[in-house]
Amino acid sequence: MSDRYSSLNLWMTTSRIETLVDGIFAIAMTLLVLSIGVPTITGHLSETAFQQQLWALWPNILCYALSFWILSGFWRTNHQQFQFIKRSNPTLITINVLWLLFIALMPFSTEIIAEYGGSYFTANVIFQLNLFFAGFIYILNWQYATRRGLLDENISEITIKTLNISSVILPVLSIIALVLSYYVFAWSNLVYLFHPLLKKILNRYVNNSN
C-alpha cells in the first residue's frame, strides 16, 4: 500500500500547478494597478492643479509598468519550464506554492517602492528582496525537477543548460539593484530592463558553445 501511495505522489500531473500559477499571476498583475493611486488635490480645484497631481504620479506609473513587465517575464519563464516538467510530486508542489507566495507579494512591494522608494533605502530593500527570493525559488524549482527526473525524457542537455543559466539572471539583477539602490534609490530598478538582453546574450553563448 505504501509503495502504491509513493508511486501516486511521484506521478502527479503538473496541470493543477499551472492552473494555480495562472490564477495567482492574473490576480497579482491586476492588483498592481492599485499601486498608481488616484490624485489627491487639496485646496482650490483647478485644471492646472489636477494636471500637476497627475504628473506627480509618474514614479508610481513607472513602478507599475516595471513590476508588470517583471511579472510577465516570470510567467513566461514558468510556462517555459513546465513545457519540460512533465511530472510532479509533493515537494515540487510545495516549492511552487512558496514561489507564488512571493509573486502574490509583488503588488505590496510595488506600492511600497512607488510611494517611498525615491527617498528610503528600506523601501527598496523590500522590493529587491521580494524579487530575489522569487528568482531564487524559481531556480530551486528547475533544479529540483531536473535532479528528481521530473522532466520530459526527450529534453536535450543544451535546453537544460540554457534554462539553468537564464534562471540565474533575475536574482543577480536583484542583488545589483539592491546595491545600487543605496546610492540612487528607486532608479536602481532600471537594471531589470536589461533582463531580456542578457537572456538573449547568454542563450546565444550557450548555443554557440555546443
Side-chain angles (χ1 to χ4, degrees), residues 14 16-38 57-82 85 88 90-145 166-182 184-196 198-199:
T14 62
R16 298 303 295 273
I17 297 178
E18 295 175 79
T19 300
L20 179 62
V21 167
D22 287 344
I24 294 295
F25 269 87
I27 295 172
M29 295 173 77
T30 301
L31 290 178
L32 281 176
V33 74
L34 298 179
S35 65
I36 298 177
V38 177
L57 289 177
W58 75 263
N60 302 49
I61 296 173
L62 178 61
C63 290
Y64 158 75
L66 184 62
S67 293
F68 196 95
W69 172 256
I70 292 172
L71 282 183
S72 69
F74 266 128
W75 180 83
R76 288 194 303 268
T77 49
N78 177 265
H79 178 68
Q80 190 177 39
Q81 276 192 359
F82 276 91
I85 299 176
S88 179
T91 302
L92 188 74
I93 293 173
T94 301
I95 292 172
N96 277 271
V97 169
L98 185 59
W99 178 63
L100 289 173
L101 184 151
F102 289 99
I103 296 300
L105 193 63
M106 279 295 293
F108 168 76
S109 64
T110 299
E111 187 164 3
I112 287 289
I113 200 170
E115 291 295 328
Y116 304 106
S119 304
Y120 300 101
F121 175 61
T122 303
N124 289 277
V125 170
I126 293 172
F127 185 77
Q128 310 307 345
L129 287 182
N130 190 169
L131 287 176
F132 172 78
F133 284 114
F136 176 78
I137 298 173
Y138 170 76
I139 296 173
L140 183 62
N141 184 65
W142 179 249
Q143 291 295 325
Y144 179 81
S166 61
S167 64
V168 177
I169 298 175
L170 187 61
V172 170
L173 288 178
S174 66
I175 294 174
I176 295 173
L178 180 60
V179 173
L180 291 176
S181 64
Y182 185 78
V184 293
F185 293 119
W187 289 106
S188 63
N189 295 318
L190 295 179
V191 302
Y192 293 110
L193 297 178
F194 291 98
H195 183 271
L198 292 174
K199 185 176 181 179

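Numbers here are sequence positions counted from 1. Since the structure is predicted, the reported quantities are computational estimates derived from the model, not experimental observations.
Considering W99, F102, Y138 as possible partners of F133, the one that fulfils the ring-ring contact (aromatic ring centres under 6.0 Å, His included) test is F102.
F185 CZ: more than 12 foreign heavy atoms inside a 6.0 Å radius.
Counting only N and O atoms by type, the side chains of N130 and S109 include a donor and acceptor under 3.5 Å apart.
The CG atom of L71 lies 10.5 Å from the CZ atom of R76; values are rounded to the nearest 0.5 Å. Taking CG of L193 as the start and CH2 of W69 as the end, the distance is 8.5 Å to the nearest 0.5 Å.
Minimum heavy-atom separation, N60 to S35: ND2-O, 3.3 Å. Counting all heavy atoms, side chain and backbone alike, P107 lies closest to L32 at CA-CD2, 3.7 Å. Minimum interatomic distance between Y192 and S174 (heavy atoms only, all atoms of both residues): OH-CA, 3.1 Å. Nearest heavy atom pair, residue L198 against residue L173, reads CD1-CD2, 3.9 Å. Across every non-hydrogen atom of K199 and T77, the tightest pair is NZ-CG2, 3.4 Å. Residues Q128 and S188 approach most closely at NE2-OG, 3.8 Å, considering heavy atoms.
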Would you be so kind as to tabulate the donor-acceptor pairs closer than 3.5 Å made by side chains of residues 22-31, with sequence neighbours excluded?
from: D22; atom 1: OD1; to: W75; atom 2: NE1; distance (Å): 2.8
from: T30; atom 1: OG1; to: A26; atom 2: O; distance (Å): 2.7

Next on the checklist: I'd like to know whether N96 forms a side chain to side chain contact (heavy atoms under 4.5 Å, CB included) with N78, so could you lay out the CA-CA distance, the side-chain angles of the two residues, the decisive distance to 0.1 Å, and finally the verdict.
Outcome noted: CA-CA 10 Å; N96 277 271; N78 177 265; 4.1 Å; yes

Item to check | Criterion side chain to side chain contact (heavy atoms under 4.5 Å, CB included) on L57 and Y64, from CA distance to verdict | outcome: CA-CA 11 Å; L57 289 177; Y64 158 75; over 6 Å; no

